[in-house]
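Ligands are counted one by one from 1 in listed order, and the atoms in each one are counted from 1 as well.
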Amino acid sequence: MKVTYYGHSCFGIETQGQHILFDPFITPNPLASAIDISNIKANYILVSHGHQDHVADVKSIAQNTDSLVISNFEIINWFGSKGVAKLHPMSIGGQKKLDFGKIKYVNAIHASSMPDGTYGGSPGGFVVDCEEKKFYFAGDTALTYDMKLLKEFHQLNFAFLPIGDNFTMGVDDAILAADFIGCTKIIGMHYDTFPYIEIDKEEALEKFQKAGLELILFIIGETKEL
Ligand code: NI
Ligand code: MN
């Protein structure tokens, strides 16, 4: 499974010829200025919640790629009102079968409003169950005991967790989250984009290592095989 980082919490996954994109926030992100969104492939765009730093490029990439946008009901209605054509609504706890496997929209402890202030439903994350691998994309969230359900019912190969603190979990809580979800391979996201969430990456890597976990930090634009 190929994973590409586009900065902040935006990742592209390629599995079985399908491209899945999470939380596109690229054109407003100065750290991602080398990324040309017209080159990004997507069959599906999965949106965790409505905040600007997760939805900024959803409409343009959806239109470039003719992809299906999947998120909660309120976010999907909002994108419908903005002229996005292919949409699929979910709510927390729901599962949906797609070409590449099954997704489940799971709880996140955070907030969700659209860039214009419209109510953005309940924030979430996704458990993605592909033939190749199973993974969890946490979105923006605090540490929560709900994560223990993932350990009980999913054998995750890796997980995307926020580590930037202030608006989400920081490194210490992400280490506890890794234990809650029963996964040792963690990809860090939602750090360094803004001054509020700048972190000491060396310290983060050391803390994960000491806890017996692997923290993977991508360079923006980098692709890894996971
Ligand atoms: Ni947020
Ligand atoms: Mn955010």
Hey, are H190 and D140 close enough side-chain-wise for a donor-acceptor pair under 3.5 Å? yes
min-distance N/O/S atom, H51 vs the Ni ion (ligand 1), resolves to ND1
Test the K133-F158 pair against the cation-pi criterion, namely NZ or CZ under 6.0 angstrom from the six-membered ring centroid and within 45° of the ring axis. no
To the nearest 10°, what's the angle at the Mn ion (ligand 2) between atoms OD2 (D53) and NE2 (H54)? 90°
Validation row: I13, F135 side chains within 4.5 angstrom (heavy atoms): yes
Among the N, O or S atoms of D140, which one sits nearest to the Mn ion (ligand 2)? OD2
Under 2.8 Å: N/O/S of H190 next to the Mn ion (ligand 2): yes
Matching residue for D23 among S48, S71, S9 - test: side-chain hydrogen bond (donor to acceptor under 3.5 Å, both in side chains): S48
Restricting to non-hydrogen atoms, name the atom on V55 and the atom on G50 that form the minimum distance, rounded to 0.1 Å. CG2-O, 3.5 Å
Angle, NE2 of H110 through the Ni ion (ligand 1) to OD2 of D140 - 10° precision: 90°
Has H49 got an N/O/S atom less than 2.8 Å from the Ni ion (ligand 1)? yes
